[in-house]
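Encoded as structure tokens, the structure appears first; notes follow it.
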Protein chains: 4
Amino acid sequence: MPKVSQAHRQMRQQQILEAAWRCFDRGGVQATTMQDIIAESGLSASAMYRYFEDKEALIVAAITASLGALGKLLQPIFDDVAIPGPAELATRIAQRVDAFVASPGYDLRAIAIQGWGEAQHNDDVRAAISGFYAGFRDRLAVRVRAWQKAGVVPRSARALDIANVIQAVVLGHVVQGAILGDVDAGRIVRGLDGF
Amino acid sequence: MPKVSQAHRQMRQQQILEAAWRCFDRGGVQATTMQDIIAESGLSASAMYRYFEDKEALIVAAITASLGALGKLLQPIFDDVAIPGPAELATRIAQRVDAFVASPGYDLRAIAIQGWGEAQHNDDVRAAISGFYAGFRDRLAVRVRAWQKAGVVPRSARALDIANVIQAVVLGHVVQGAILGDVDAGRIVRGLDGF
Amino acid sequence: MPKVSQAHRQMRQQQILEAAWRCFDRGGVQATTMQDIIAESGLSASAMYRYFEDKEALIVAAITASLGALGKLLQPIFDDVAIPGPAELATRIAQRVDAFVASPGYDLRAIAIQGWGEAQHNDDVRAAISGFYAGFRDRLAVRVRAWQKAGVVPRSARALDIANVIQAVVLGHVVQGAILGDVDAGRIVRGLDGF
Amino acid sequence: MPKVSQAHRQMRQQQILEAAWRCFDRGGVQATTMQDIIAESGLSASAMYRYFEDKEALIVAAITASLGALGKLLQPIFDDVAIPGPAELATRIAQRVDAFVASPGYDLRAIAIQGWGEAQHNDDVRAAISGFYAGFRDRLAVRVRAWQKAGVVPRSARALDIANVIQAVVLGHVVQGAILGDVDAGRIVRGLDGF
DNA sequence: GATGAATGAGTCTTCATTCAT
DNA sequence: AATGAATGAAGACTCATTCAT
């Protein structure tokens, strides 16, 4: 009984979260009404509230879950030992993000940007995103240290500072893609060549 | 009479826009109610509507005006010919932005991030931000070309691509500052050293 | 089989009614939700509806049953022939009611007062309470007549009017206890001394 | 400007409170919806909320105000020095209350009883009612002491205990009137004759 | 026979906007 | 020109009740 119920519960939650992502992508987090998500998810209002306490809980869950999806998306890149250096790593990550712009009905970038806005005045969201980005940067630093050990990257700079720039470039690329529409990640390596 | 009225009108509008910035910074664009801005500005409800058609017009105006303020903030950097290269330029811009984090009662970074979110589903906002960022990048490219001419920056990379990375680094730094709280712009030059 | 079922049914109903009493005492009749009673009773939603048609039926049953409990509580007093007169009778009843204020997890007084409120706009409740109180007063009148026959109580007053005052004093005492918290029933005899 | 506004405000509040009384009398406090009161008052939903923070505030205000009305109703009786003793005082109060049963569209007794119910789980209501009843009993005690000084009432009983019984009789009479419908206050003196 | 997930109607409350004064 | 009271539409959320399993 607990197993069936548990699985059912998780499936329903996922169904709701994906509906929320689509709505957030379409109209913005705050402008999305519960009714929108309810309609998009195909459930009834009260069913919705069985799975998420209130709107804020749903928002936090949706943004948190989107980070999980993003993490899964980027995992292969961290597993790829063939990447030769920081510039290529930044590019690869940017490319991967760009590739998933609109695949399953929602744009992970748009949701990420909405999340940053939400984090400005929602401590739960901020904590979730902050934790994810800090961890992400740490993983970048691990790669950088390996390159430093291999002599590919100079030891003059601290690994974490280099990782910080890699992350900044990727985050900035996301903003540029969402606002300016310049989504060619290849510009990154080429541009970094000039530094 | 029209002139006085005009000046008075602009002063009032500025007063309202700054009230809006403070509110947006405090609680987010969408979550801010007209009543909030009315109270913060010290005007009456109907006075407010004399100066801005409706809430959306006010949002667009506020975000657009914040870009103007940002432009003014960064102008001195473009005028400073002593900056030796791309990494230092990115750093200087980031430092300048960081310096104005909370000076006049509102955080320009938070408003910028809110603006990005708004731009996802508001064409006027997107157009305003997009135009500003494109122009910003163009001005960066002008600097880069000067460096290339002077032989400080290699010609292997296109100036616009380099400018693009400079901008990405700055935008990413803004996100990092707002989310992670790592606001030391000095990390940027040091990190770029490792590329 | 019908007999066992019948007994089982009654036991279940009693279990539900007591859960209802606790909830009503805690939060008021109308503010109590079915979910509250269901949780308190330990049954499932549908089980609940097997035993009571709907919420109103449950309310009526709960209040009616509380009157039965009250009647049982007061029976010994009617059986006690040693009570010397009206003032003492009123006091004894008040004392008995006070003694059961919170014994089994709910305050019969609070439920009684809620019942009066409910009776204002629920005819079934009104009929139940009205019948109970009328009968209660009649039984008081029987005692009064006995005292009159014995010469302890003057015949100048009609027995039913005296009974009416006895009842009023008791009901008033309940209100005073519930609102003012003055629950010393001894004040009644002492106070009546001054009339 | 403050004067007009203030007067207007009070008039509106009174208008709303009377609408609330009529609704509470008709359907009970908790069962009354804001929509009911809004319709009864002739205002719009939002106008309503300009004058009372939320439903609970309105309930508290309505019950508190009903006590004020009751106090005004009973004032003449306290001013009447011709009342000869406790029994007559109780009767006079009961008569006065009965006389105003349905005069202005609502039954003050029903509202009082609802108030008692509400006081069981709303501390503000309890405090208001408790204070009013305590004060009421004190004023009765003042009269009793005068009678004791005049030798009309024996000194064997404490004035406050006698006042307590007077109050109990009146409160009980209200319940009897509301539930049993026996609204002849004359029964009180006659019945007290038998004690 | 029992469960608990689901529902739809309804509740309280808020908000951008207008209009009489 | 300015005020602030008023509005109607809509939003988040709840609840008594049912029904597939």
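Everything numeric here is computed off the predicted structure, so don't read it as measured data. Order of the sequence lines fixes the chain letters, A, B, ..., with proteins taken first and strands second; residue numbering starts at 1 for each chain.
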Would you say a side-chain N or O of A/His8 is under 4.0 Å from OP1 or OP2 of E/dA6? yes
What distance separates D/Ile129 CD1 from D/Glu118 CD, expressed to the nearest 0.5 Å? 8.5 Å
d(A/Thr33 OG1, A/Ile38 CD1) to nearest 0.5 Å is 7.5 Å
Mind listing the residues from residues 42-63 of chain C sitting with a heavy atom below 4.0 Å of DNA chain F? Number order is fine. C/Ala45, C/Ser46, C/Tyr49, C/Asp54, C/Lys55
Contacts of C/Ala47 meeting side chain to side chain contact (heavy atoms under 4.5 Å, CB included) (sequence neighbours excluded), chain-then-number -> C/Leu43, C/Ser44
Taking only residues two or more places apart in sequence, or in another chain, which ones meet B/Gln13 in a side chain to side chain contact (heavy atoms under 4.5 Å, CB included)? B/Arg9, B/Tyr51, B/Phe52
For atom CD of A/Gln13 and atom P of E/dA5, their distance in whole Å: 12 Å
Value in whole Å for how far the P atom of E/dA5 lies from CD of C/Gln35: 11 Å
Please name all residues satisfying side chain to side chain contact (heavy atoms under 4.5 Å, CB included) with B/Arg126, sequence neighbours left out, ordered by chain then number. B/Ala119
Pull out every stem in DNA chain E, meaning runs of 3 or more consecutive Watson-Crick or G-U wobble pairs with both distances under 3.5 Å. E:2-21 with F:2-21
If you take any heavy atom closer than 4.0 Å to DNA chain E, which residues from residues 20-34 of chain A end up in contact? none
Whole-Å distance separating the CD1 atom of B/Ile38 from the P atom of E/dT18: 12 Å
note: D/Ile37, atom CD1; E/dC12, atom P; distance rounded to Å ~ 8 Å
Okay, side chain of B/Asp36, backbone of B/Cys23: is any donor-acceptor separation there less than 3.5 Å? no
